[in-house]
Amino acid sequence: MHELAICQSLLREVERTATANGATQVSAITVAIGALSGVEALLLARAFTVARSGTLAAHAELEIQAVPIQVWCRSCAAQTPATVNALLCGRCGTWQVELRSGDELLLMRVTLTTDAEPAAAVC
Ligand SMILES: [Zn+2]
């Protein structure tokens, strides 16, 4: 399962951040998923509940943020939003555009718990 492998690699990164900050637990994880990343938010959330067990993030909440698609136009140099089915310039309508965002899968934020107070680490 594609999403499970993604979760496992996310969790490795999360655990590295947690360990580097001396955290005993991870309480929340925020990831950003682009509409063109090929990752289904629902499947990722389900895979996360499996992948997190036995890690520092075993009780962590997963927050998923959707990243909108943005394209940059080679003809008129405008940067405009686009949709999955129509990667076109929003100003002049050409298809000669470059993707500026929408295909990413990013770890945005990890909320850590140390023995003292909860602390947030920005990745
Ligand atoms: Zn254009």
Side-chain angles (χ1 to χ4, degrees):
M1 184 179 171
H2 179 58
E3 276 76 8
L4 188 57
I6 291 167
C7 271
Q8 284 163 342
S9 85
L10 270 177
L11 282 162
R12 272 194 295 276
E13 204 174 326
V14 165
E15 285 201 299
R16 259 200 306 277
T17 305
T19 310
N21 287 279
T24 50
Q25 238 183 57
V26 177
S27 54
I29 300 167
T30 306
V31 294
I33 299 176
L36 293 170
S37 66
V39 178
E40 270 302 324
L42 273 176
L43 291 179
L44 189 71
R46 199 184 307 161
F48 178 73
T49 62
V50 176
R52 70 180 172 182
S53 64
T55 71
L56 290 177
H59 303 288
E61 300 277 334
L62 180 68
E63 191 194 326
I64 298 173
Q65 293 175 349
V67 180
I69 300 170
Q70 289 277 337
V71 294
W72 178 80
C73 179
R74 279 181 216 148
S75 310
C76 73
Q79 184 164 322
T80 53
T83 61
V84 175
N85 298 318
L87 290 175
L88 302 170
C89 173
R91 189 196 275 172
C92 71
T94 181
W95 52 267
Q96 289 184 320
V97 294
E98 286 171 19
L99 192 64
R100 283 294 157 92
S101 76
D103 63 346
E104 58 272 84
L105 172 70
L106 296 171
L107 182 60
M108 302 294 287
R109 194 166 187 274
V110 181
T111 306
L112 304 171
T113 310
T114 54
D115 288 331
E117 289 294 299
V122 176
C123 302

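What you see is a predicted model, and the numbers here were worked out from it, not measured in a lab. Throughout, numbering of the chain's residues begins at 1 and tracks the sequence. Heavy-atom basis, side chains included; hydrogens, waters and symmetry copies ignored.
A donor-acceptor pair is defined here as one N or O able to donate and one able to accept, closer than 3.5 Å; such a pair exists between the side chain of Thr24 and the backbone of Thr113. Panel note: side chain Glu104, backbone Gly102; a donor-acceptor pair is recorded below 3.5 Å. Judged by distance alone, with hydrogens and angles left aside, the side-chain atoms of Ser101 form a donor-acceptor pair with the main-chain N or O of Pro68 at under 3.5 Å. In this structure, Gln8 contributes its side chain and Ala51 its backbone to no donor-acceptor pair below 3.5 Å. Thr17 places a side-chain N or O within donor-acceptor distance of the main-chain N or O of Glu13, the cut-off being under 3.5 Å.
Side-chain contact between Val84 and Leu36 is present, with at least one heavy-atom pair separated by less than 4.5 Å. Within the 4.5 Å cutoff, side-chain heavy atoms of Glu40 are placed close to those of Glu3. Side-chain contact between Leu99 and Ile69: present, with at least one pair of heavy atoms (C-beta onward) separated by less than 4.5 Å. Counting only heavy atoms from C-beta outward, the side chains of Val31 and Leu44 approach each other to under 4.5 Å. By the 4.5 Å heavy-atom criterion applied to side chains, His2 and Val39 are counted as neighbours. Residues Val26 and Thr55 are not in side-chain contact: their nearest non-hydrogen atoms beyond the backbone lie 4.5 Å or more apart. Residues Cys73 and Thr80 form no side-chain contact, since every pair of their non-hydrogen atoms from C-beta on lies 4.5 Å or further apart. A heavy-atom distance below 4.5 Å is found between the side chains of Cys89 and Cys76.
Hydrophobic clustering of Ile, Leu, Val, Met, Phe, Trp and Tyr side chains at less than 4.5 Å, counting indirect connections, keeps Ile33 apart from Val71. Put simply, Leu88 and Val97 are part of two different groups of oily side chains (I, L, V, M, F, W, Y) that touch within less than 4.5 Å, one to the next. Placement of Val67 and Leu87 in two distinct hydrophobic clusters is found when ILVMFWY residues are connected by side-chain heavy-atom separations under 4.5 Å, directly or transitively.
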Assess whether side chain to side chain contact (heavy atoms under 4.5 Å, CB included) is satisfied between Ile29 and Leu10, documenting all intermediate values. CA-CA 10 Å; Ile29 300 167; Leu10 270 177; 5.9 Å; no

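Heavy atoms only, all atoms of each residue included: Phe48 and Glu61 are closest at CE2-C, 4.4 Å. Closest approach of Arg52 and Ala57 over heavy atoms only: CB-O, 3.5 Å.
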